[in-house]
Amino acid sequence: MSTTYYISFALSAVVGGLSVIALGYVWSFILWLGRKSLEIFPTRYQPAEKPEDEHIQILVVGDIGRSPRMQYHALSVAKHGKKVDIVGYKETARHPDLIGNPNVTVYPLAPQPEWIAWGTLPFFLNIPSKVIQQFWTLFATLMYTAPPAQWIIIQNPPSIPTFHVALFVAWARGSKVIVDWHNYGHTILAQKSLLRPLVPFYKFYEMKLGRHLGNANLAVTDAMAKQLKAGGRFNLKNPVYTLHDRPAEIFQPIVSPAARLEFLSRLPETKNHARNIVDGNLRLIVSSTSWTADEDFGMLLDALVAYATPTSAQEDIPPILAIITGKGPQRQAYLDKIKELQDGGKLPGIRILSAWLSNRDYASLLAAADLGISLHKSSSGVDLPMKVVDMFGAGLPVAAYAGFESIGELVKEGQNGCGFETVAELTEILKRLLSLEGAEELTRLKKGAIEEGSRRWDEEWDSVVGPLIGVPNK
Ligand SMILES: Nc1nc2c(ncn2[C@@H]2O[C@H](COP(=O)(O)OP(=O)(O)O[C@H]3O[C@H](CO)[C@@H](O)[C@H](O)[C@@H]3O)[C@@H](O)[C@H]2O)c(=O)[nH]1
């Protein structure tokens, strides 16, 4: 046998061996690809054997910690023993009762990467990047990360991209949907002058998809429910129920002056003034906000400037400590304005502070204040300020902006608060209620606030949402 024969034999053996190994790899790759493509199909909802193993999902395309109503939904579901999966952004601290609760799991949406959040790209690239990133984190979390839910309770607004993603996921995974209408996305968008040209598109999207999305719908007021129902402006296909906001258990009135003094002496923002506040020598007013365009804090500032400028020599008005709590986009602009007014000597006797407090301290501050202020303007005319609900729960009467349709469902003139539509009216309310002569009226309003706040979230939820998603009444 020639040497050439041995070389050819050895080569074909090597090539044959290599081919077998390569085929093995190709086969594994085909198997892997097959498995991966099967993963495109998400798991579908199957009714659980035991009711306590059913999953209810709460979806908020926003900060979970700053979405009190959605957190209350989660707490109610958990209280009734079902599993609750919260999908949303994890920015600020959540309600303390949600933390460590064995029935509650959070599936966080991925925050925007810094290169998007800081706007490093040109505008025309940044906006699509934002949309794609938000769409992808929402889609991937709902479709693959969170377990399939029996019901998905969705917060609107924002409607985009929530509605189309939720519609697809609910169809693909076999979940039923409740849309909780807090307000309308298109009316909120209309407040941003730069984005106003997009309002007709947003409105079309919200109304068309909104019509089909919810197997059931919740509205925050009767006035909104009327617009949403069949025959109304939105003409939704499926039933609409009003679920009024009600205070959670954490909001309770402080009845004893000693407890009030104790809290005010502990809170950094009030500790140097605690005794004066309790003795009535300094009046404590509180407003809470997300610092968005639907609240004109300019009105409160103008009213405080007018309050601090006596119109007659006899006028004897007490000094005010005003605390504005909350986080949001317009905060810094207003803080600059407040500094300018204070530096310019326009606010003698008035101190304005801003704060972000823990849930417990926020609730106690409302209970320890003399008067709550709501500047919520309602972009739709048919939503209501949650902060006023908190205030009533804490037994705090309010002065509330009242130039919109639904406000009467919450603030009853002369019973639990006073409405205003102009700076002059707000100034007059402050002068009247915070003066010595207004003490009796303020006490009467406080009684009304406590009464209004006495129907609690649990009662409301158990009678409206409980039967809908099939939880036993406890
Ligand atoms: N923990 C904490 N929470 C705060 C603080 N300050 C404000 N908040 C939270 O922020 C809320 C006020 O935020 P806004 O965004 O001003 O709410 P709103 O106008 O009163 O009502 C919102 O919710 C309603 C539905 O529940 C909507 O109908 C309405 O349109 C609006 O979105 C308060 O109710 C409270 O939960 C604080 O210092 N600490």
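Note that ligands are numbered from 1 as they come in the structure, with each ligand's atoms numbered from 1 the same way.
- A search for salt bridge (charged side-chain N to carboxylate O under 4.0 Å, His left out) contacts involving Asp361 returns Arg266, not counting sequence neighbours.
- Proximity of the aromatic rings of His80 and Trp461 is defined here by a centroid distance below 6.0 angstrom, and this criterion is met.
- Using a 4.0 Å cut-off between charged nitrogen and carboxylate oxygen, Glu295 and Lys387 count as a salt-bridge pair.
- Residue Leu357 approaches ligand 1 through these ligand atoms, each under 4.0 Å from one of its heavy atoms: 1 (N), 2 (C), 37 (C), 38 (O), 39 (N).
- Near Asn359, meaning under 4.0 Å from any of its heavy atoms, are these atoms of ligand 1: 1 (N).
- Counting only heavy atoms of the protein, atom 36 (O) of ligand 1 lies nearest to Pro68 CG, 3.3 Å.
- With hydrogens left out, the protein atom closest to atom 3 (N) of ligand 1 is Trp356 CH2, 3.4 Å, a heavy atom.
- Scanning the protein heavy atoms around atom 17 (O) of ligand 1, the nearest turns out to be Lys387 NZ, 3.8 Å.
- Near Glu295, with a cut-off below 4.0 Å to any heavy atom, the atoms of ligand 1 are 16 (O), 19 (O).
- Between Arg283 and Asp370 a salt bridge is recorded (basic side-chain N to carboxylate O distance below 4.0 Å).
- Atom 25 (C) of ligand 1 has as its closest protein heavy atom Asp245 OD2, 3.3 Å.
- With Phe251 as reference, Tyr362 is the one residue of Phe392, Tyr72, Tyr362 to meet the ring pair (Phe, Tyr, Trp, His ring centres under 6.0 Å) rule.
- Of all protein heavy atoms, the one closest to atom 10 (O) of ligand 1 is Ser290 OG, 4.6 Å.
- Legend: residues meeting salt bridge (charged side-chain N to carboxylate O under 4.0 Å, His left out) with Asp97, ordered by chain and number and at least two apart, are absent.
- In the vicinity of Thr289, heavy-atom distances shorter than 4.0 Å reach the ligand 1 atoms 16 (O).
- Taking all heavy atoms of Met386, His244, Arg66, His182 into account, the minimum distance to atom 28 (O) of ligand 1 is reached by His182.
- Ring centroid separation for the pair Tyr205 and His186 does not come in under the 6.0 Å cut-off.
- Note: an N/O pair closer than 3.5 Å links His376 and ligand 1 by distance alone.
- Summary of contacts: the protein heavy atom closest to atom 30 (O) of ligand 1 is Asp383 OD2, 2.3 Å.
- Using a 4.0 Å cut-off between a side-chain N of Lys or Arg and a carboxylate O of Asp or Glu, Lys447 and Glu451 do not qualify as a salt bridge.
- Using modelled atom types, one side-chain atom of Arg211 and one backbone atom of Asn235 make a donor-acceptor pair closer than 3.5 Å.
- If you check which protein heavy atom lies closest to atom 24 (C) of ligand 1, you get Leu384 O, 3.7 Å.
- Among protein heavy atoms, atom 6 (N) of ligand 1 sits closest to Thr325 OG1, 2.8 Å.
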